[in-house]
Amino acid sequence: MADKIKVWCFLLVLLKLVSNLQNCAHAAPQVPCFFIFGDSLADSGNNNNLVTAAKANYRPYGIDFPNGTTGRFTNGRSTVDIIGELLGFNQFIPPFATARGRDILVGVNYASGSAGIRDETGSQLGERISLNEQLQNHAATFNRSIQLLGTKQAAENYLNKCLYYVSLGSNDYLNNYFMPSNYTTSRLYTPDQYAKVLIDQYSQQIKLLYHLGARKIALPGLGPMGSLPYASSTLCPNNLSCVTNINNAVLPFNAGLVSLVDQLNRELNDARFIYLNSTGILSSGDPSVLGFRVTNVGCCPARSDGRCQNRTEYMFWDAIHCTEALYQLTARRSYNAFLPSDAYPTDISHLIS
């Protein structure tokens, strides 16, 4: 009986969050702008015109998205799209590739499929916009903001109030460390050493973002990569210990990111940084309680005809990316933590308050 009560309480909370999402859609935005840095989990079209295998501007991608196929690597909205709605924006944050004029004042999505913290990450797939290049693009946005708002001080005051979501690192493992035939990192570093190398570089990149006006920064950790269909089918076919090793390899990165959040909050005390526990959110509870019946394969393989009809029952859209149904869960719990472990030291709703 106690377990049933817990399940019902969980569902009631989710229904409340759905109601909040609908209400937010009609309210003024809680922040003036929302800037997004990331990879294919957040890309909204920046890779469309690049020479790369990492693009999603064809069906069935976008089959459930209001604007159709846009370059998002899922069937509908991504986590950042839903967070934008929770923040009260009545439009999707434009990708840097198409943002023009005053569009940038609501924010910009710089995310690029296959991008990483390290510049070489994802190079075997073709062109991509690494985090360093995304920061260069944001520097251009900063300069354009000065032109639009009149003075550098006015631009800084405006940008200080915005939310910044920086989510990279997955490709530094999937399209770097776990690909020894293409990259040397797994031979040069143990998992602990590699995590430190990544966090040290990430720290400098985030500090640069701070100097470009960011004062409210959300840093999602990495999810359980061994649970991806890609891991079980390609990296570790029929090898459970390999899957476990992949999950364990990224744990030092997440631990380092929590420590980095503490460090940045101490050193840059006029700014606020939070950690979002992606692994915890995706690993807590029984997926079937939330309606997910298929958790080990993607709904539609890449370049399929898109006939997967029961999309809300799948956790994964393809071998790497989640469905909108799962992104709704991660977005809501990132915005308004359901468990204390979902976010540290607070969630997005309190970060922006």
Side-chain angles (χ1 to χ4, degrees), residues 1-19 21-22 40-41 56 59-66 69 72-83 85-86 170 174 220 222-240 242-244 246-247 276-339 341-342:
M1 179 62 72
D3 289 340
K4 288 184 178 180
I5 292 173
K6 289 179 181 177
V7 169
W8 278 110
C9 288
F10 192 15
L11 293 175
L12 286 172
V13 170
L14 286 178
L15 287 173
K16 182 179 179 182
L17 287 171
V18 170
S19 175
L21 175 59
Q22 292 170 339
S40 58
L41 300 180
R59 301 287 273 194
Y61 291 97
I63 193 170
D64 297 312
F65 190 70
T69 299
R72 287 167 170 82
F73 289 73
T74 184
N75 60 306
R77 294 168 298 162
S78 67
T79 295
V80 293
D81 290 326
I82 298 164
I83 289 174
E85 292 176 347
L86 287 163
S170 294
L174 291 177
L222 304 182
M225 292 187 199
S227 301
L228 297 174
Y230 171 75
S232 57
S233 64
T234 304
L235 296 179
C236 302
N238 303 314
N239 189 337
L240 195 57
C242 172
V243 168
T244 301
I246 287 177
N247 281 334
L276 301 174
N277 185 8
S278 302
T279 291
I281 291 172
L282 294 173
S283 303
S284 61
D286 181 357
S288 65
V289 171
L290 300 175
F292 295 113
R293 298 180 183 275
V294 185
T295 62
N296 60 344
V297 295
C299 184
C300 289
R303 301 189 185 277
S304 77
D305 60 9
R307 291 179 182 172
C308 174
Q309 299 299 322
N310 51 341
R311 297 185 280 277
T312 58
E313 297 181 0
Y314 280 75
M315 290 181 66
F316 295 99
W317 174 242
D318 58 24
I320 294 177
H321 307 97
C322 298
T323 56
E324 179 186 289
L326 189 61
Y327 285 143
Q328 287 187 39
L329 176 66
T330 58
R332 290 169 187 159
R333 288 177 63 171
S334 296
Y335 178 79
N336 193 343
F338 175 68
L339 297 174
S341 58
D342 286 351

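The chain is numbered in sequence order, starting from 1. What you see is a predicted model, and the numbers here were worked out from it, not measured in a lab.
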Mutual orientation of the aromatic rings belonging to Phe73 and His321 [parallel < 30°, tilted 30-60°, perpendicular > 60°]: tilted
Interatomic distance, Arg333 atom CZ to Ser341 atom OG [nearest 0.5 angstrom]: 7.0 Å
Between CZ on residue Arg72 and CZ on residue Arg77, distance to nearest 0.5 Å: 10.5 Å
Heavy atoms from other residues, nucleotides or ligands near CG of Asn238 exceed 12 (cutoff 6.0 Å): no
Heavy-atom check, side chain of Leu86 versus side chain of Asn336, under 4.5 Å: no
Donor-acceptor under 3.5 Å (Ser170 side chain, Leu222 main chain): no
Inter-residue atom distance Leu282.CG - Leu326.CG, 0.5 Å rounding: 5.5 Å
Tyr230/Asp318 under side-chain contact (heavy atoms from CB on, under 4.5 Å): CA gap, chis, key distance, verdict: CA-CA 9 Å; Tyr230 171 75; Asp318 58 24; over 6 Å; no
Pro224 versus Ser283, closest heavy-atom pair with distance: CG-OG, 3.9 Å
Straight-line distance of Ile63 CD1 to Glu324 CD, nearest 0.5 Å: 12.0 Å
Asp64: which of Asn75, Thr323, Thr312, Thr74 passes side chain to side chain donor-acceptor pair (under 3.5 Å): Asn75
Straight-line distance of Phe338 CZ to Ile281 CD1, nearest 0.5 Å: 11.5 Å
Met315: which of Cys299, Cys322, Ser227, Pro287 passes side chain to side chain contact (heavy atoms under 4.5 Å, CB included): Pro287
CG-CG distance between Leu235 and Leu228, expressed to the nearest 0.5 angstrom: 8.5 Å
Test log, rule side-chain contact (heavy atoms from CB on, under 4.5 Å), inputs Asn296 and Val294: CA-CA 6 Å; Asn296 60 344; Val294 185; 3.9 Å; yes
Taking every non-hydrogen atom, the tightest pair across Ser278 and Pro220: OG-CB, 3.9 Å
Any side-chain donor near an acceptor of the partner, Ser78 and Asp81, under 3.5 Å: yes
Shortest non-hydrogen contact between Gly226 and Asn247, atoms and distance: N-OD1, 2.6 Å
Cys pair Cys300, Cys308: SG separation below 2.5 Å: no
Nearest heavy-atom neighbours spanning Thr330 and Tyr327: OG1-O, 3.0 Å
